[in-house]
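Taking it in order: structure first as structure tokens, then the write-up.
Below, each value reflects all heavy atoms present in this structure, side chains not excepted, and no hydrogens, waters or symmetry copies.
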Amino acid sequence: MAVGAKLHLSSAARRPTLPQLLAVALLCSASYLAGVWHHGGGFTAAPSAAAAGGSPSPVSIATTSSVACVSPTPAAPLDFAAHHAADEAEAKVAPARRAYGACPAKYSEYTPCEDVERSLRFPRDRLVYRERHCPAEGERLRCLVPAPKGYRNPFPWPASRDVAWFANVPHKELTVEKAVQNWIHVEGDKFRFPGGGTMFPHGAGAYIDDIGNLIPLHDGSIRTALDTGCGVASWGAYLLSRNILAMSFAPRDSHEAQVQFALERGVPAMIGVLASNRLTYPARAFDMAHCSRCLIPWQLYDGLYLIEVDRILRPGGYWILSGPPINWKKHSKGWQRTREDLNAEQQAIESVAKSLCWKKIKEVGDIAIWQKPTNHIHCKALRKVAKSPPFCSNKNPDAAWYEKMEACITPLPEVSDIKEVAGGELKRWPQRLTAVPPRIASGSFEGVTAEMFNEDTKLWKKRVGHYKSVVSQFGQKGRYRNLLDMNARFGGFAAALAGDPMWVMNMVPTIGNSTTLGVIYERGLIGNYQDWCEGMSTYPRTYDLIHADSVFSLYKDRCEMDTILLEMDRILRPEGTVIIRDDVDLLVKIKSVADGMRWNSQIVDHEDGPLVREKLLLVVKTYWTLGDEKQ
């Protein structure tokens with residue numbers, strides 16, 4: 001794509017002399033360098049509207065082309081700054097060439113694959129109706145999901161852990177239902193999150209300290225955690241200060257918007273439920289799993305749900321249970337259940353855990369902890385006596401996209417010694433982030449060597465450095481908190497940002513090499529499987545920045561481009577940023593659609609210069625809400 005004027009040679013000069021060629025080269029170089037010097041070569045920080053006393057100053061971006069000789073011309077301004085963290089004038093949206101209208105107000109919190117109305121078509125048994133059920137082609141929305149009136153940019157981290165704007169998630173249900181448990185309070189135009197929970201009345205911090213007295217939370221051996229039935233994710237929120245990264249999930253149910261609250265706080269979370277499908281994570285992903293009165297019937301269905309937790313726990317990983325039936329002798333009256341019923345439930349859970357070859361580490365007060373074995377040598381020997389549950393056969397342990405759970409144990413990789421850790425031992429955090437993951441070091445990841453992994457890590461450090469040079473807001477503390485990588489591969493993008501106060505949800509497309517998600521978890525990062533022809537299991541306006549590397553090349557023959565772009569718009573916050581990396585011809589087509597979505601966008605060069613066909617499309621989503629004129 002040419003941005004400047006092309007240099008044309010005369011038709012008579014079909015056989016140019018050497019001096020003529022040198023002269024042309026010098027003229028092209030001088031023209032290009034002059035343009036780069038004139039435009040500054042990238043983004044510059046824009047003062048905020050509040051500081052300037054009016055509209056924010058635009059930030060310019062100099063674009064170049066892949067053709068041989070380009071003379072840059074002034075480009076449209078692109079502003080990555082946030083301007084609606086407090087009361088400010090609403091942005092005016094310029095006319096677009098192909099306009100997508102706003103969806104009706106009722107879709108302000110639309111989650112396409114967990115739509116409440118659609119879910120009622122499916123069985124209530126085992127909560128199947130709360131699993132993913134995506135709309136058919138004719139049911140998909142072709143409009144922009146609006147933000148609620150009065151929407152403001154969330155508070156920056158770490159303040160966001162404890163406070164959020166009421167206008168952003170206007171629901172009071174939890175403040176009434178969970179008032180005694182200290183989940184969430186309303187104070188004027190804000191929500192307050194005291195850090196309480198059903199089983200931690202003294203706060204999540206004190207509760208985590210109690211757990212830390214039983215298992216090693218402080219030595220880096222535990223990095224990835226799973227919180228099942230997370231509420232507003234206070235457990236995950238308070239683990240972050242201990243360098244433990246939790247994936248929290250809960251269904252979209254009567255506890256309205258609990259996952260949305262979690263993400264508004266700047267804490268990783270997704271909509272999810274244990275029902276009939278496997279959880280969308282690879283085998284051996286988490287160092288620790290947790291249930292605090294999550295109301296999951298662990299003892300039912302032949303222990304199916306605990307068997308699924310076993311699949312996703314790393315060898316030697318921990319499962320923590322608090323709430324019914326633990327400490328039932330003390331709490332039976334408060335839980336309004338008989339002592340006999342609670343005792344029977346605990347004995348059933350103990351039996352399932354034993355059948356999985358787990359060892360009970362501790363039961364102290366309201367907390368019980370079990371540990372998964374580091375290998376299956378003993379467990380396989382026991383199967384000769386106790387046949388149930390059997391080991392799974394011929395089932396991919398990492399397959400988890402619409403895969404049904406089965407009442408069988410996922411076998412760990414073979415070992416030659418009882419002291420050996422199945423699948424390989426992990427380094428402690430933070431060395432784990434850059435060490436070659438065991439799945440690659442062992443040679444089990446076909447076609448990828450340790451050298452290739454290390455080169456990929458270096459490449460993404462370079463690329464993220466380039467992103468920071470062209471998007472100045474990357475360097476602004478608190479500007480970005482929740483990041484989404486739509487095609488994460490080995491997690492190099494997230495690893496390059498690990499030292500910044502932000503986290504990345506690493507999505508691995510199901511149509512690519514989805515086995516890389518296991519590598520991401522071995523690095524101490526978190527993520528999920530995803531088909532981008534479908535909606536993501538999250539609420540609208542939950543990410544500050546979306547990174548899409550070759551996503552549109554991957555899906556160009558699978559679904560419409562605007563299907564993916566509209567989903568990106570749904571989950572991106574007003575004034576959020578998108579970085580799309582792809583072939584220049586495809587980026588031109590993407591930009592033509594994006595310009596009709598109330599996005600401001602600009603194509604800029606690859607980090608290796610203008611002669612590389614792969615380029616970047618940088619996007620800022622404009623601020624608009626329900627009630628604005630252009631709907």
Interatomic distance, CZ@Phe261 vs CG@Asn168, rounded to 0.5 Å, equals 10.0 Å
Using a 3.5 Å distance criterion without hydrogens, assess whether the side chain of Arg311 forms a donor-acceptor pair with backbone atoms of Pro397.
yes
Which of Thr516, Asn487, Val519 passes side chain to side chain contact (heavy atoms under 4.5 Å, CB included) with Val508? It is Thr516
Q | Side-chain ion pair, Glu522 and Arg432, N-O less than 4.0 Å | A | no
task = Give a yes or no answer on whether the side chain of Asn375 reaches the backbone of Ile418 with a donor-acceptor pair at less than 3.5 Å.
result = yes
Looking only at side chains, do His331 and Asp366 share a donor and an acceptor under 3.5 Å apart?
yes
Flag side-chain contact, heavy atom, 4.5 Å: Pro315 against Arg284
yes
Answer yes or no: is there a side-chain heavy-atom contact under 4.5 Å between Val504 and Leu484?
-> no
- Query: Under 3.5 Å, side chain of Glu131 to main-chain N/O of Ser276, donor-acceptor pair present?
  - Reply: yes
Exercise for the section: Output, in order, the C-alpha distance, side-chain angles, deciding distance and verdict of salt bridge (Lys or Arg N to Asp or Glu O under 4.0 Å) for Glu414 and Lys380. Expected result: CA-CA 11 Å; Glu414 295 292 336; Lys380 287 184 176 179; 2.6 Å; yes
Task: Arg523 to Phe490, cation-pi by 6.0 Å centre distance and 45° axis angle - done: no
Examine distances only and state if a side-chain atom of Gln260 and a backbone atom of Tyr539 form a donor-acceptor pair shorter than 3.5 Å. no
Ser234 side chain to Arg265 side chain, donor-acceptor N/O pair below 3.5 angstrom | yes
Practice task
Say whether Thr542 and Arg573, considering side chains only, have a donor N or O and an acceptor N or O under 3.5 Å apart.
Solution key: no
- [ ] Would you check if Ile184 and Gln258 make a side-chain contact, meaning some heavy-atom pair closer than 4.5 Å?
- [x] no
> Would a line drawn from the ring center of His171 to the ring center of Phe166 be shorter than 6.0 Å?
Replying inline: no
- Hey, does the side chain of Ser351 reach the backbone of Gln347 with a donor-acceptor pair shorter than 3.5 angstrom? no
Notebook entry, point to check: Can the ring centroids of Trp319 and Trp298 be said to lie less than 6.0 angstrom from one another?
Noted result: yes
Exercise. Do Glu350 and Gln299 have a side chain donor and acceptor closer than 3.5 Å?
Worked result: no
Inset, instruction - Determine, for Asp219 against Arg428, whether the closest basic-nitrogen to carboxylate-oxygen distance falls under 4.0 angstrom. - result: yes
Ignoring hydrogens and geometry, is there a side-chain-to-backbone donor-acceptor pair from Arg223 to Leu525 under 3.5 Å?
no
**Prompt:** Given the rule in the side-chain contact (heavy atoms from CB on, under 4.5 Å) test, do Trp335 and Trp328 qualify, once you have shown the distances and angles that lead to the verdict?
**Reply:** CA-CA 9 Å; Trp335 292 337; Trp328 56 265; 4.2 Å; yes
On a heavy-atom basis, the closest approach of Glu109 and Pro170 is OE2-CD, 3.9 Å
**Prompt:** Passes side-chain contact (heavy atoms from CB on, under 4.5 Å), Ile526 versus Tyr521? Steps please.
**Reply:** CA-CA 6 Å; Ile526 59 172; Tyr521 275 94; 4.0 Å; yes
The reported gap from OH in Tyr281 to CD in Glu308 (rounded to nearest 0.5 angstrom) is 10.0 Å
Across all chains, not counting sequence neighbours, the side chain to side chain contact (heavy atoms under 4.5 Å, CB included) partners of Asn213 are Asp210
* Report, as yes or no, whether the 6.0 Å neighbourhood of atom NZ on Lys404 holds more than 12 heavy atoms from other residues, nucleotides or ligands. => yes
Checklist entry - Is Lys190 salt-bridged to Asp162, going by a charged N under 4.0 Å from an acidic O? => result no
In this structure, CG of Asn277 is separated from OH of Tyr402 (nearest 0.5 Å) by 8.0 Å
Ser322-Tyr207 side chain donor-acceptor pair, cut-off 3.5 Å: yes
Value for CG (Leu306) from CG (Leu356), rounded to nearest 0.5 Å, stands at 5.5 Å
Pair Arg337, Glu345 - check salt bridge (Lys or Arg N to Asp or Glu O under 4.0 Å), show working.
CA-CA 11 Å; Arg337 291 175 60 184; Glu345 182 180 334; 2.5 Å; yes
So CG of Leu263 and CE of Met270: to nearest 0.5 Å the spacing works out to 9.0 Å
Review point. Does Met486 offer a backbone N or O that forms a donor-acceptor pair with the side chain of Trp532 under 3.5 Å?
Key: yes
- Message: With a 3.5 Å distance limit and no angle check, can you tell me whether Trp503 reaches the backbone of Gly266 through a side-chain donor-acceptor pair?
- Response: yes
After noting the C-alpha distance and the side-chain angles of Phe249 and Ile271, does the key distance pass the side-chain contact (heavy atoms from CB on, under 4.5 Å) rule? CA-CA 5 Å; Phe249 77 83; Ile271 301 171; over 6 Å; no
| message | Would you say that more than 12 heavy atoms from the other residues, nucleotides or ligands in this model lie under 6.0 Å from the CD of Gln431, or not? | response | yes
Are the two sulfur (SG) atoms of Cys134 and Cys113 closer than 2.5 Å?
yes
OH of Tyr543 to CG of Leu545, rounded to nearest 0.5 Å, is 12.0 Å
(Q) I'd like to know if the side chain of Lys372 reaches the main chain of Asp310, judged simply by a donor and an acceptor atom lying under 3.5 Å from each other, with no hydrogens or angles considered. (A) yes
Main chain of Gly317, side chain of Asp287: is a donor-acceptor contact present, judged purely on distance under 3.5 Å?
no
- Task: For the residue pair Phe191 and Phe193, categorise the inter-ring angle as parallel (less than 30°), tilted (30 to 60°) or perpendicular (more than 60°).
- Result: tilted
Smallest heavy-atom separation, Ala275 atom then Leu127 atom, equals CB-O, 3.7 Å
Arg278 vs Glu406, test: salt bridge (Lys or Arg N to Asp or Glu O under 4.0 Å). Steps then yes/no. CA-CA 9 Å; Arg278 281 181 168 183; Glu406 294 181 11; over 6 Å; no
How about Lys354: does its NZ atom have over 12 heavy atoms from other parts shown lying under 6.0 Å from it?
no
Point to revise | Worked verdict on Arg192 versus Glu187 for salt bridge (Lys or Arg N to Asp or Glu O under 4.0 Å) | key: CA-CA 7 Å; Arg192 292 280 177 187; Glu187 294 182 5; 3.1 Å; yes
Of all heavy-atom pairs linking Ala246 and Gly236, the shortest is CB-CA, 3.8 Å
Worksheet item: Can you check side-chain contact (heavy atoms from CB on, under 4.5 Å) on Trp165 and Tyr151, steps first, answer last?
Response: CA-CA 8 Å; Trp165 296 112; Tyr151 178 90; over 6 Å; no
Counting only heavy atoms from other residues, nucleotides and ligands, does the tally under 6.0 Å from NZ of Lys395 exceed 12?
yes
- prompt: If you measure only the distance, is there a donor-acceptor pair under 3.5 Å linking the side chains of Glu114 and Ser119?
  reply: no
Decide if the gap between the ring center of Tyr129 and the ring center of Phe122 is smaller than 6.0 angstrom.
-> no
Note to self: Ignoring hydrogens and geometry beyond distance, is a side-chain donor-acceptor pair present between Thr111 and Arg252 at under 3.5 Å?
What the structure shows: yes
Margin query: Arg481 vs Ser160, test: side-chain hydrogen bond (donor to acceptor under 3.5 Å, both in side chains). Steps then yes/no.
Written below: CA-CA 10 Å; Arg481 173 62 183 171; Ser160 63; 5.4 Å; no
